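What follows is a short report on a single structure.
In this text, all values refer to a predicted model and were calculated from it rather than measured experimentally.
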Amino acid sequence: MKLANREALMEKRAACEAALKADDIRILVCSGTGCVASGSRNIYEKFVELAAQHPHVDVQFDAGAAHVGIKKSGCHGFCEMGPLVRIEPYGYLYVKTKLEDCQDIWDTTVLGGKPLHRLMYHQNGQVYEKQEEIPFYEKQTRVVLKNCGHIDAEHIDEALAIGGYAALEKALFEMKPEDVINEVSISTLRGRGGGGFPTGRKWQQVARQKETTRYVVCNGDEGDPGAFMDRSIMEGDPHRMIEGMIIAAYAVGAQEGYIYVRAEYPLAVERLRNAIAQAEAYGFLGEDILGTGFNFRLHINQGAGAFVCGEGSALTTSIEGDRGMPRVKPPRTVEQGLWGKPTVLNNVETFANVPGIVLNGGQWYASIGPKNSPGTKAFALTGNVNNTGLIEVPMGTTLREVIFDIGGGIKNGRKFKAVQIGGPSGGCLITDHLDLSLDFDSLKKVGAMIGSGGLVVMDEDSCMVEVARFFMNFTQNESCGKCVPCREGTKRMLEILERIVKGNGTMEDLDLLEELADTITNAALCGLGKTAAMPVMGTLKVFRDEYIAHVVDKRCPAGVCTALRRFKIDPALCKGCSKCARNCPVGAISGQIKQPFVIDTDKCIKCGACMDNCSFGAISVEK
């Protein structure tokens, strides 16, 4: 049903609100990629089956016939605890839910109105009944992610019921295009894709171009290892991002838009297609939107998963059907972007911030966080941290708050060592940076960057040389090959790092790494190439002693690098059973039965078979 005008939209929204309120109880089953992979679809189907068996439910809190709504929500963020199930109106969150738990949840909570404590989050002996009280959520400020996990991700009516497209309504009927751009400029919203360019300024530059054919493009090509912020928004609240794109199109006078999303995100693609079709059916996309004469169509373009296509000019080239490779600038994308026309290019999170800014005003957004980096930022918190998942915090939040308060500290009580922020384009932060403000300017001062928002936490047992090798291997594989500094420079750097982790490096190699990094940074064609060496330079700067240990002592202090491992047998723990000697493929272990055995390090090939076969924990890697 196409909504022909503002009155029709208001009537439809009222009907959607009434329908939402008709659900006395709502069971929100997390249906983001992570929980789906853990079996949440089966859990959803089980609840649907139970609801069908009880069409009119007597619930304790109402004492009458009640309606139970079973919903597929987006990602709740607490990925470490999935599959997750939220029960409203109670606000209960059940973690690590299994198929066999569904009946118990139905009987205890849906029918009985009581919490099921065994499925709730526990920490230090405390049970957290309400989702918002869990430390992981309590210290977050959710703006972009506020609906993820709280609405049905597959139905536009739920988005409308909680205010979806209200910002578009305000923009079309109460604001001129320049007013929209002005509010975005006042908000000081900076691009959340990594560059941090002021969004309002970018829109102004497109709007003032003489060429009247313009495009709006959303960068959903999230390629950083460990990053899944944009994917979760597209899966959990696609209409919020789409609304932001429509508002951008209205502001700059564009009539066509593209969402560039990697084909590796099938669920995001499916939900985006569904959302676009629903938005077209209601008249939010297409011709004469809400009777205003404004036209805008939206298309999805699936990328093949090339990291370089996260760069603006490579992305637009890929949409045009050519191989995604960056070009020399100027001209910039705002002047000659998609098909040589002025183009607004922002990432998913940036567009998802726009509806809130239009509704609440730019000053509201600017009041959150530091002056020059206002608003919130979504981070994918992964690695050696207790509470991995998707979080959103105000800019200016410290690394300590993110890792130890929200993240719950380092796994297994180990010590914090470092965090790689911003993926391959980011930098390495250490203990000295724990109280550093996470914002664009503060991170730039210490040689790091927020990037798209990946946070990979590492503990004391992480080898920083291997970390650098991992990221350089990724960058080298993803280099498009167009410019020599990136194509050849990253290859040479990777070769050096591989020599070092194998114990064949020299001190001259460290000097060569710095020289190559300087050349790549200053001479590479695109932004991705210019930041390719950052993980190496970051680790070399703050963990140079580890590099020297690999090169001079031929030792990996963390005991990670296979070629440099040195195994030892603790005589106090060795029972002299000879199992290690019997399983050593090269006969490097000797000794007498019931006496401590010893390892001949000259013969040892570092395979680890001895440690794997020791039943008493007597064999370990020297550090």
Side-chain angles (χ1 to χ4, degrees), residues 75-81 93 121-124 126 128 130-146 148-149 190 192 196 226-229 232 349 353 365-423 426-460 462 538 542:
C75 175
H76 293 247
F78 207 178
C79 304
E80 181 78 16
M81 294 291 150
L93 182 70
Y121 180 71
H122 293 66
Q123 182 175 305
N124 299 326
Q126 182 176 350
Y128 293 88
K130 305 287 186 179
Q131 177 175 345
E132 288 72 22
E133 294 173 354
I134 298 173
F136 178 81
Y137 293 102
E138 187 182 26
K139 294 205 172 183
Q140 295 188 47
T141 300
R142 295 197 156 207
V143 175
V144 167
L145 301 176
K146 73 173 185 177
C148 290
R190 296 173 66 171
R192 295 308 197 245
F228 51 93
M229 299 77 60
S232 296
E349 188 180 348
N353 270 297
Y365 193 82
S367 68
I368 305 171
K371 182 179 179 180
N372 294 324
S373 296
T376 61
K377 180 70 188 82
F379 290 99
L381 187 59
T382 60
N384 301 123
V385 64
N386 284 311
N387 300 331
T388 59
L390 182 67
I391 69 171
E392 184 178 0
V393 294
M395 284 282 201
T397 301
T398 66
L399 195 60
R400 187 185 302 277
E401 291 174 288
V402 169
I403 295 174
F404 292 94
D405 294 342
I406 298 174
I410 308 302
K411 282 185 176 180
N412 302 317
R414 297 189 184 279
K415 293 181 180 179
F416 167 77
K417 185 172 187 177
V419 60
Q420 179 69 22
I421 184 169
C428 184
L429 302 178
I430 58 173
T431 305
D432 293 346
H433 302 129
L434 280 174
D435 295 309
L436 180 72
S437 169
L438 291 178
D439 62 72
F440 292 106
D441 300 327
S442 297
L443 287 172
K444 186 177 181 180
K445 290 177 182 177
V446 296
M449 61 187 294
I450 286 180
S452 60
L455 283 174
V456 182
V457 181
M458 291 162 279
D459 65 18
E460 57 190 310
S462 300
V542 296

Distance-minimising heavy-atom pair for [X] and [Y]:
X	Y	value
M449	L443	C-CD1, 4.0 Å
S437	P370	OG-CG, 4.4 Å
E392	L145	OE1-N, 2.9 Å
C79	F228	SG-CE1, 3.9 Å
T388	E80	OG1-OE1, 2.7 Å
I403	I410	CG2-CD1, 4.0 Å

What's the spacing between [X] [atom1] and [Y] [atom2] if we round to 0.5 Å?
X	Y	atom1	atom2	result
F416	T431	CZ	OG1	5.5 Å
Y137	Y128	OH	OH	14.0 Å
S442	H433	OG	NE2	11.0 Å

Open item on the list: Which label fits F136 and F78: parallel for a plane angle under 30°, tilted from 30 to 60°, or perpendicular past 60°?
Closed with: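 Answer is parallel, since the angle falls under 30°.
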
Below 4.5 Å, heavy atoms only, C-beta onward: do [X] and [Y] meet side chain to side chain?
X	Y	value
K411	N386	yes
M81	L93	no
F379	V393	yes
N372	D439	no
N387	I406	no

Examine distances only and state if a side-chain atom of [X] and a backbone atom of [Y] form a donor-acceptor pair shorter than 3.5 Å.
X	Y	value
E349	M229	no
D435	R400	no
K139	E401	no
E460	K415	yes
R190	G375	no

Open item on the list: Show, in sequence, the C-alpha distance, side-chain angles and deciding distance for L399 and L436, and conclude whether the side chain to side chain contact (heavy atoms under 4.5 Å, CB included) test is met.
Closed with: CA-CA 6 Å; L399 195 60; L436 180 72; 5.7 Å; no

Task: side chain to side chain contact (heavy atoms under 4.5 Å, CB included) between R414 and N384, worked out - done: CA-CA 9 Å; R414 297 189 184 279; N384 301 123; over 6 Å; no

- [ ] Show your reasoning for whether side chain to side chain contact (heavy atoms under 4.5 Å, CB included) applies to L438 and K377.
- [x] CA-CA 9 Å; L438 291 178; K377 180 70 188 82; over 6 Å; no

Open item on the list: Can you tell me if K444 has over 12 outside heavy atoms packed within less than 6.0 Å of its NZ?
Closed with: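 Open: at most 12 neighbouring heavy atoms sit under 6.0 Å from NZ of K444.
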
Open item on the list: Between K371 and D441, does any side-chain N to carboxylate O distance fall below 4.0 Å?
Closed with: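 D441 and K371: not salt-bridged.
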
Task: Derivation of the side chain to side chain contact (heavy atoms under 4.5 Å, CB included) call for H76 and Q131 - done: CA-CA 10 Å; H76 293 247; Q131 177 175 345; 4.0 Å; yes

- [ ] Please name the residue in the list D405, L390, T376, I391 that meets the side-chain contact (heavy atoms from CB on, under 4.5 Å) test with Q140.
- [x]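 Between Q140 and the candidates, side-chain contact (heavy atoms from CB on, under 4.5 Å) is satisfied uniquely by I391.
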
